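Values reported hereafter were calculated over all heavy atoms of this structure, with side chains retained and with hydrogens, waters and symmetry mates removed. What you are looking at is a predicted structure, and each value in this text was computed from that prediction instead of being measured.
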Amino acid sequence: MDLLFNVLLYGVGGFLGLILLLFILALLFGKRIDKQWEYEAEFVDAKGREIAELEIESSRNAKQQQDYSLKAEFRCHHPALTPGDRVQVYIDDLLVLAGVVATQGRVRFGNPDLVNAPTEPKAGQVCSIKHNDALLLQQALRKD
């Protein structure tokens, strides 16, 4: 019985010690990301499935960067998208991302497709997706 108690004691104590060691190493050598702001807009179809998502954030690596940098990503899966079509992403009236559809029914934009950087978006602003200059989707921004 004493042997079983010692095995459990050292096993649990060793495991907790390992977790503590990993936590300390993460604090010492890990990257600290400061987020100035982070927003998203999720677009769903009639069945409630997500068909598009816009994620934008302003962040920096505290140890390596002085200024905040913008990261924008837009993904959309919609049957109306055909290769060569033009897709534009707006926040209110500001054109943020724009590009051309390369794959049938799918489009993905990132920082290389950034047209204008939003400086201070706010929750509740309207995110509009235009497909060949016609409104395709619309949703309000919310904090992520």
For the pair Glu42 and Arg142, find out whether any cationic side-chain nitrogen is under 4.0 Å from an anionic carboxylate oxygen.
-> yes
Any Lys/Arg nitrogen of Lys35 or Glu57 sitting under 4.0 Å from an Asp/Glu carboxylate oxygen of the other?
->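 Salt bridge present between Lys35 and Glu57.
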Is it true that a side-chain atom of [X] and a backbone atom of [Y] form a donor plus acceptor pair closer than 3.5 Å?
X: Ser69; Y: Ser58; answer: no
X: Asn6; Y: Leu3; answer: no
X: Asp45; Y: Lys47; answer: yes

So which atom in [X] and which in [Y] form the shortest heavy-atom distance, rounded to 0.1 Å?
X: Leu54; Y: Phe43; result: N-CE1, 4.5 Å
X: Tyr68; Y: Asp34; result: CE2-O, 3.5 Å
X: Gly124; Y: Ala140; result: O-CB, 4.1 Å

So, taking the atom named [atom1] in [X] and the one named [atom2] in [Y], what distance separates them when rounded to the nearest 0.5 Å?
X: Gln138; Y: Ser128; atom1: CD; atom2: OG; answer: 4.0 Å
X: His131; Y: Leu136; atom1: NE2; atom2: CG; answer: 6.5 Å
X: Ile56; Y: Phe74; atom1: CD1; atom2: CZ; answer: 12.5 Å
X: Gln125; Y: Leu141; atom1: CD; atom2: CG; answer: 6.0 Å
X: His78; Y: Leu137; atom1: NE2; atom2: CG; answer: 5.0 Å

Following the transitive rule for hydrophobic clusters with a side-chain heavy-atom cut-off under 4.5 Å over Ile, Leu, Val, Met, Phe, Trp and Tyr, establish whether Tyr90 and Ile129 coincide in one cluster.
-> no
Are Leu20 and Phe15 connected, step by step, through hydrophobic side chains (Ile, Leu, Val, Met, Phe, Trp, Tyr) whose heavy atoms are closer than 4.5 Å?
->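 No, Leu20 and Phe15 fall in different hydrophobic clusters.
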With side chains defined as the heavy atoms from C-beta onward, is the minimum distance between [X] and [Y] less than 4.5 Å?
X: Arg75; Y: Glu55; answer: yes
X: Lys71; Y: Ser59; answer: yes
X: Ile91; Y: Val126; answer: no
X: Ile51; Y: Cys76; answer: no
X: Glu38; Y: Lys143; answer: no

In the hydrophobic cluster built from side-chain contacts under 4.5 Å, what are the other members alongside Leu135?
->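 Once heavy-atom contacts under 4.5 Å are chained together, Leu135 still belongs with nothing else.
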Check against side-chain contact (heavy atoms from CB on, under 4.5 Å), Val87 and Lys130 | CA-CA 6 Å; Val87 176; Lys130 290 190 177 179; over 6 Å; no
When the side chains of residues 109-121 are checked against the rest of the protein, which donor-acceptor pairs come out under 3.5 Å, sequence neighbours left out?
residue : atom : partner : partner atom : Å
Asn111  : OD1  : Ala72   : N            : 2.8
Asn111  : ND2  : Leu70   : O            : 2.9
Asp113  : OD2  : Gly110  : N            : 3.2
Asn116  : ND2  : Leu95   : O            : 3.0

Ignoring hydrogens and angles, write down the donor-acceptor pairs under 3.5 Å from the side chains of residues 97-108, residues two or more places apart or on other chains.
residue : atom : partner : partner atom : Å
Gln104  : NE2  : Leu81   : O            : 3.1
Arg106  : NH1  : His77   : ND1          : 2.9
Arg108  : NH2  : Glu73   : OE2          : 2.5

